[in-house]
Protein chains: 2
Amino acid sequence: MESKHEENLLLLSEEEQLLRIARVNKYMAEAELDYILVGDNVNLYYLSGRVFCGYILVCSDGNADYFLRRPSTLKADGAVVYRKLEDMTNAVAEIIKKKPGRLGMMLDDTPYGVIQRLLKGLGGDIQPGNGSAVFRKARAVKTDLEIQQMEMSGIKQTQVYRKIPHLYREGMTDIEFQIEIERALRLEGSLGQFRCSGAEMEIYMGNVLTGENADTPSPYDFAMGGAGMSPSLPVGANGTIIKPGKPVMVDMNGNFTGYMTDMTRCYVAGNPDEVVVKANQLSIDICRRLSEMMLPGVEAKVLYQIAEEMVKEAGMECYFMGHSHQAGFVGHGVGITINELPVIAPRSRDILNVGNCIALEPKFVIPGQGAVGVENTYVVQAQGPARRLTNAPEDIQSLT
Amino acid sequence: MESKHEENLLLLSEEEQLLRIARVNKYMAEAELDYILVGDNVNLYYLSGRVFCGYILVCSDGNADYFLRRPSTLKADGAVVYRKLEDMTNAVAEIIKKKPGRLGMMLDDTPYGVIQRLLKGLGGDIQPGNGSAVFRKARAVKTDLEIQQMEMSGIKQTQVYRKIPHLYREGMTDIEFQIEIERALRLEGSLGQFRCSGAEMEIYMGNVLTGENADTPSPYDFAMGGAGMSPSLPVGANGTIIKPGKPVMVDMNGNFTGYMTDMTRCYVAGNPDEVVVKANQLSIDICRRLSEMMLPGVEAKVLYQIAEEMVKEAGMECYFMGHSHQAGFVGHGVGITINELPVIAPRSRDILNVGNCIALEPKFVIPGQGAVGVENTYVVQAQGPARRLTNAPEDIQSLT
């Protein structure tokens, strides 16, 4: 049956799409790829402005071909609508036959079995190049439109964070507090979904940590851990009652637009210990110092070193990025997923560019106290300090 | 630094684990695999009772070897603790060298790039068999412990569904209503996380549909669609105001234990149209009829045919499983993920077994009304009708 609503598949303006394809083309040239076949949700969203079921074939000459399986209400000029995967791969093979070249696929984003089926459908003896790496590099530098979407997420996330102190009631557990924050985020327009890169990365809506739970390591590659509520999702809040005078670290979902901002703030009912105030101020100071240094051409690893030096100077190194277990980074790119390039880590080879969106999260885990520190998302600019997108007050906020 | 809390990696009793490995071994024999290297969260959870970062090598002789990367607080007898992937693959290669055999990997659950790295680390010219298919078959039949966990999820999900009418306020949108249901589920202990099999399957906590939005197709392989709140997550509620007399279909997360139950109920503020009441009753009748037929040895496709016949007899076929776009199934296995075997579809080759946990969702989308129908999760038993785990009232509930 014919549907009522036909919609253009491409939600981006042609200009914006060309800009993104040009970025991808740049790194395709470096990787010596002539085509990339894209079928994962994150990169389909990047290229078209929407998630759909299908593929886009990006060519090194700036062209893009569309292959649409679902929903059939979408229309794109020249798009191949298919039901069986082989109809899609035949059409792709036809294009490549006309102008032979090396094909990349999303090797880090797509299950082995799916790539196998694609290769079989394409025929011949193809050794696919790694299109995932190309897109990771391309997406590390955001376009103006992407930055606008990050800004909008930052504004909304900030609005919710300002309300957080009013969501607290005495005697609450970490998870009860988190649930009220989740609701406030959702009512403000958060999509809830927390997109991570990496097949085994999981979390639900974010992380609220208090007490000893802050020092419990998780299997995941997040900065902080926590035991979680179940061994099937061992990260975050574990039902600890929030105690007066002890910090509660809130690191909750900033995905309001398909682009995520990442922000952490600490809250205390009553008066925090001196060491907690000191750690939070040190975190603020590191964020400020690094944000002043985040200029194009700067090496990511240098930023990590500066953070580490400031921590050592303050004598806080045994609490830095965890106590029993320490995370190996102090910041990361953020955008459609929470963990993008560049990575601010000791051995990172990344070099900063204008348009990088970077979350800095110098955090501390202090025995007997809990997790302390702030996190902010910044945009790297041509001049001056990186621009902060997450503007809730950074001092420890009082829960009353 | 040494951590305070050491924990046993294996959370299952040895007996329970042996039972699960025996099931896996059965399908390994069919697939002619001697080993399977498991590293995806879903199947690590199945084998050990917890998610961790590492691998389990399952051998056809019933043995399991553990390889643990994170968290290092976990301990297992004879486990290899590793940091670099090659240390893990070397240890695996050593085991296989002692007793050569064919290796399976989780080809449908693991990115191509990860499998490539594993194969490179293992050396030689290995053509891995499909361990994913083996585990899908093994997990289709639940153990008693798994059924207990499903039951617990069903009880809690039912408790929340009974409260849903009280969460409604006049003038609410679908998403506002959903947010209150999310909060109620979370406060009851829902883990929130909605685990799907399939790299591009995404949804946040479930689906609330009302009005015309019910007929909007999504890119995903769920029974129902909806436009969603953003083109980055195009499924579910889209901000439609709930109208008096029109049904609201609630299909929200039943993951309270790591095992999910799947339940759908409809709600109306005021009096529903006759056709809506008829469709909901037909859905109830189909569920009852099929649940009586769900016995070991029955072909899944026969169940679909019966459902289809009942729909045709009632003259409701143009609304069945969607109006503009129709889903190709009426039920599906459910467990650690929402979409397991068996699949109740016209061309399914699955045959029912005792211990299958199956969600039946005969649903209707009626133009001018919305989505209507119930969904229940059942356990297939040796005799008698399948046992229902989702026991909220099935009639259309009044929102007041």
Side-chain angles (χ1 to χ4, degrees), chain A residues 1-5 11 39-41 45 49-54 69-73 105 107-116 128 130 132 175-176 179-180 182-183 186-187 189 191-193 199-200 202 204-205 216-220 225 229-234 257-258 323-325 336, chain B residues 1-5 11 39-41 45 49-54 69-73 105 107-116 130 132 175-176 179-180 182-183 186-187 189 191-193 199-200 202 204-205 215-220 225 229-234 257-258 323-325 336:
Chain A
M1 203 174 295
E2 199 56 26
S3 175
K4 313 149 260 196
H5 308 293
L11 276 180
D40 65 297
N41 293 348
Y45 181 63
R50 72 159 83 237
V51 167
F52 61 95
C53 179
R69 185 161 166 238
R70 260 198 318 247
S72 59
T73 40
M105 289 181 171
L107 303 185
D108 299 335
D109 306 291
T110 313
Y112 190 86
V114 175
I115 298 277
Q116 267 188 321
N130 192 351
S132 296
I175 189 71
E176 287 166 346
I179 292 166
E180 300 310 320
E182 288 171 4
R183 177 172 176 270
R186 291 282 283 155
L187 288 172
L191 302 172
Q193 191 193 28
E200 310 314 337
E202 300 173 314
Y204 181 73
M205 191 89 177
T216 307
S218 90
Y220 306 104
M229 300 297 293
S230 160
S232 78
L233 188 60
T257 61
H323 179 64
S324 299
H325 305 267
I336 303 173
Chain B
M1 203 174 293
E2 199 57 27
S3 175
K4 312 148 259 195
H5 309 292
L11 276 180
D40 65 298
N41 293 347
Y45 180 63
R50 73 159 82 237
V51 167
F52 62 96
C53 179
R69 184 157 168 241
R70 259 198 318 248
S72 57
T73 42
M105 289 182 170
L107 303 186
D108 299 335
D109 305 291
T110 314
Y112 190 88
V114 175
I115 299 277
Q116 268 188 321
N130 192 352
S132 295
I175 188 73
E176 287 166 346
I179 292 166
E180 300 310 320
E182 288 171 5
R183 177 173 176 269
R186 292 281 282 155
L187 287 172
L191 302 172
Q193 191 192 27
E200 310 315 337
E202 300 174 314
Y204 181 72
M205 192 88 179
D215 201 26
T216 307
S218 91
Y220 306 104
M229 300 297 293
S230 159
S232 78
L233 189 60
T257 61
H323 179 63
S324 298
H325 305 267
I336 303 173

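For the numbers below, each heavy atom of this structure counts, side chains included, while hydrogens, waters and symmetry mates do not. By convention in this document, chain letters (A, B, ...) are assigned in the order of the sequence lines, proteins followed by strands, and residues within each chain are numbered from 1. All values derive from a computational prediction rather than experimental measurement.
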Top residue by heavy-atom pair count (under 4.5 Å) with chain B, among [options]?
{"options": "A:Gly113, A:Gly39, A:Pro231, A:Pro234", "result": "A:Pro231"}
{"options": "A:Arg69, A:Glu202, A:Glu180", "result": "A:Glu202"}
{"options": "A:Ser218, A:Pro219, A:Gly54", "result": "A:Pro219"}
{"options": "A:Leu191, A:Ile336, A:Asp108", "result": "A:Leu191"}

Pair B:Tyr220 + A:Phe52: ring centers closer than 6.0 Å: no
Given a strict heavy-atom distance threshold of 4.5 Å, which part of [X] is in contact with chain B: side chain, backbone, both, or neither?
{"X": "A:Met105", "value": "neither"}
{"X": "A:Ile175", "value": "side chain"}
{"X": "A:Leu11", "value": "side chain"}

Gap between atom OG1 of A:Thr216 and atom NE2 of A:His325 - 0.5 Å precision: 8.5 Å
A:Glu182/B:Arg183 ion pair, N-O < 4.0 Å: no
If you tally heavy-atom pairs under 4.5 Å against chain A, which of [options] wins?
{"options": "B:Gln116, B:Glu176, B:Arg186", "value": "B:Arg186"}
{"options": "B:Ser72, B:Ala199, B:Gly258, B:Ser232", "value": "B:Ser232"}
{"options": "B:Pro71, B:Gly189, B:Gly225, B:Ser230", "value": "B:Pro71"}

Student check: side-chain heavy atoms of A:Pro111 and B:Leu107 closer than 4.5 Å: no
side-chain contact (heavy atoms from CB on, under 4.5 Å) evaluation trace for A:Leu233 with A:Tyr204: CA-CA 9 Å; A:Leu233 188 60; A:Tyr204 181 73; 4.1 Å; yes
Any donor-acceptor N or O pair under 3.5 Å, side chains A:Asp109, A:Ser132: yes
Backbone N/O of A:Val51 and side chain of A:Asn41: donor-acceptor pair under 3.5 Å: no
